[in-house]
2 protein chains.
Amino acid sequence: MRADAQRNRDRILEVAREVFREQGYDASLDLVAKRAGVGAGTLYRHFPTRDDLMDAMMQSWVDRVTESTDKVLASEGSDRDLLLRWFETYVELISLHKGGPAKITTAMGNPESPIRSKCQVLSGAAARVMESLGERGALRPGVDAVQVCRLVGGVASVADQSELDGAAVRPLLEVVADGMLAR
Amino acid sequence: MRADAQRNRDRILEVAREVFREQGYDASLDLVAKRAGVGAGTLYRHFPTRDDLMDAMMQSWVDRVTESTDKVLASEGSDRDLLLRWFETYVELISLHKGGPAKITTAMGNPESPIRSKCQVLSGAAARVMESLGERGALRPGVDAVQVCRLVGGVASVADQSELDGAAVRPLLEVVADGMLAR
DNA sequence: CACAATACGGAGACACTCTCCGTTTAGCAA
DNA sequence: TTGCTAAACGGAGAGTGTCTCCGTATTGTG
């Protein structure tokens with residue numbers, strides 16, 4: 001890639017993170033272009049769709065998924081505690097931007113999605129947690145990682161759109177956790 | 001209301017049902033106006049916001065909620081079966097239009113929402129089901145009707161946006177049901 | 001330093017929302 | 001019936017956003 005192109009790309013991403021954090025997933029892309037000091041054409045050439053931009057923006061964030069998951073897996077407490085801690089981490093991770101939870105959860109399991117790779121990282125992390133619990137026989141059989149991501153993602157979407165706080169989300173996650181654990 | 005106003009209002013609603021069914025919650029309102037043979041001004045005078053239109057459209061649908069709930073409550077089977085049957089009914093009811101589940105679930109518990117009355121009917125129905133199960137000691141304590149609507153609504157939102165079919169939704173609902181039932 | 005190849009940018013087509021206001025109509029009172 | 005007024009109509013157009021096209025400018029290589 002030519003040096004000027006690389007410069008613009010980086011600049012757009014930097015500004016996009018800022019704008020998306022301020023205004024959520026629906027922010028105007030022309031505004032991003034303007035603030036980045038490039039023309040609309042440049043933005044759309046680098047990122048043909050909003051999802052492509054999202055995907056690139058989330059690149060740095062992906063590393064945190066693995067890291068956070070490691071931390072959860074290493075933490076103390078009962079199986080239920082671990083599962084809940086993971087749920088809360090997951091919700092936090094996908095709630096980086098307003099509209100994010102719905103976006104990510106919708107893309108989950110859709111091979112066509114431009115943010116597919118990110119979803120795979122997430123469901124991969126979920127799989128690790130579930131494998132860990134599964135080995136100890138803590139999980140009821142027949143639930144897979146993508147399903148869990150959808151369930152918890154559904155809760156996160158509702159929380160995001162209704163602007164629920166952690167205290168309101170917690171009991172919902174508890175129900176999901178209890179539904180997943182072996183009895 | 002003047003006779004012509006009433007006529008136009010009815011016509012707009014009739015067309016809106018059709019268009020929303022075809023195109024989901026995001027359908028253009030100008031298209032609704034055009035197809036109804038009225039000007040945009042007329043549409044917006046009757047229904048200042050998209051939600052006001054949604055609300056009016058759902059009026060006839062509200063009656064079905066009570067009826068469907070009655071049917072579920074009268075049905076045979078275990079507590080778990082009853083709960084699952086109710087969940088599936090609920091998902092079906094709020095999935096009338098694309099985008100409906102997210103819309104309704106977001107509005108749930110928001111006193112400012114224009115479709116508030118509809119949400120109350122829904123959470124009221126959920127409360128009836130839960131009361132019935134609660135009397136028999138089938139539910140774990142501390143879950144309220146609005147929470148359940150949010151959980152099931154979250155599942156419905158995901159299903160709606162990812163276009164999941166009934167078979168894919170069922171296991172998610174089972175997890176929620178198992179999480180809610182007393183152990 | 002010349003000259004492709006690559007990238008830029010912004011005007012503009014198109015779509016949607018919503019308002020404003022001149023025009024039309026319903027319905028009542030005489 | 002007729003005349004009148006409040007009520008309602010409708011569509012042009014302003015505002016905002018998406019996305020493309022293509023003439024112009026920049027890069028970096030031979």
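Every chain is numbered from 1 and lettered A, B, ... according to where its sequence line falls, protein lines coming before strand lines.
At distances below 3.5 Å, at least one donor-acceptor pair connects side-chain atoms of A:T106 with backbone N or O atoms of A:A102. Checked by atom type and distance alone, the side chain of B:S28 pairs as donor or acceptor with a backbone atom of B:D30 at under 3.5 Å.
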Quiz: residues 166-183 of chain B side-chain donor-acceptor pairs under 3.5 angstrom, not counting sequence neighbours:
| from | atom 1 | to | atom 2 | distance (Å) |
| --- | --- | --- | --- | --- |
| B:R170 | NE | B:E174 | OE2 | 3.2 |
| B:R170 | NH1 | B:E88 | OE1 | 3.4 |
| B:R170 | NH1 | B:E88 | OE2 | 3.3 |
| B:D178 | OD1 | B:R80 | NE | 2.7 |
| B:D178 | OD2 | A:R140 | NH1 | 2.1 |
| B:D178 | OD2 | B:R80 | NH2 | 3.1 |
| B:R183 | NH2 | A:D178 | O | 2.9 |

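The CD-P distance, from A:Q6 to C:dT6, rounds to 16 Å in whole Å. Remark: P of D:dT20 and CZ of A:F47 are 15 Å apart, rounded to the nearest angstrom. Taking atom CD1 on A:I12 and atom C1' on C:dA7, their separation rounds to 11 Å, with Å as the unit.
For A:R17, the salt bridge (Lys or Arg N to Asp or Glu O under 4.0 Å) criterion is met by no residue, not counting sequence neighbours. Residues that satisfy the side-chain contact (heavy atoms from CB on, under 4.5 Å) test with A:T49, not counting sequence neighbours, are A:D51, A:D52. For B:N110, the side-chain hydrogen bond (donor to acceptor under 3.5 Å, both in side chains) test picks out no residue, with sequence neighbours left out.
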Revision key, fill the gap. Reading nucleotides 10-20 of chain C from 5' to 3' and marking B where a protein heavy atom lies under 4.0 Å of the base, S where only the sugar-phosphate is that close, and - otherwise, the string is B-----SBBBB
Study note, to complete from the structure: A correct 5'-to-3' footprint of nucleotides 24-30 of chain D, with B, S and - meaning base, sugar-phosphate only and no protein heavy atom under 4.0 Å, is --BSS--
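Residue A:F87 forms a side-chain contact (heavy atoms from CB on, under 4.5 Å) with just one option from A:V72, A:V148, A:L151, and that option is A:V148.
Side-chain nitrogen and oxygen atoms of A:H46 include at least one within less than 4.0 Å of the OP1 or OP2 phosphate oxygen of C:dC8. Regarding contacts with the backbone of C:dC8, a side-chain N or O of A:N8 is found under 4.0 angstrom from either OP1 or OP2.
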Review point. Going through the distances and angles, do A:S75 and A:R85 end up as a side-chain hydrogen bond (donor to acceptor under 3.5 Å, both in side chains)?
Key: CA-CA 9 Å; A:S75 68; A:R85 205 165 296 132; 2.5 Å; yes
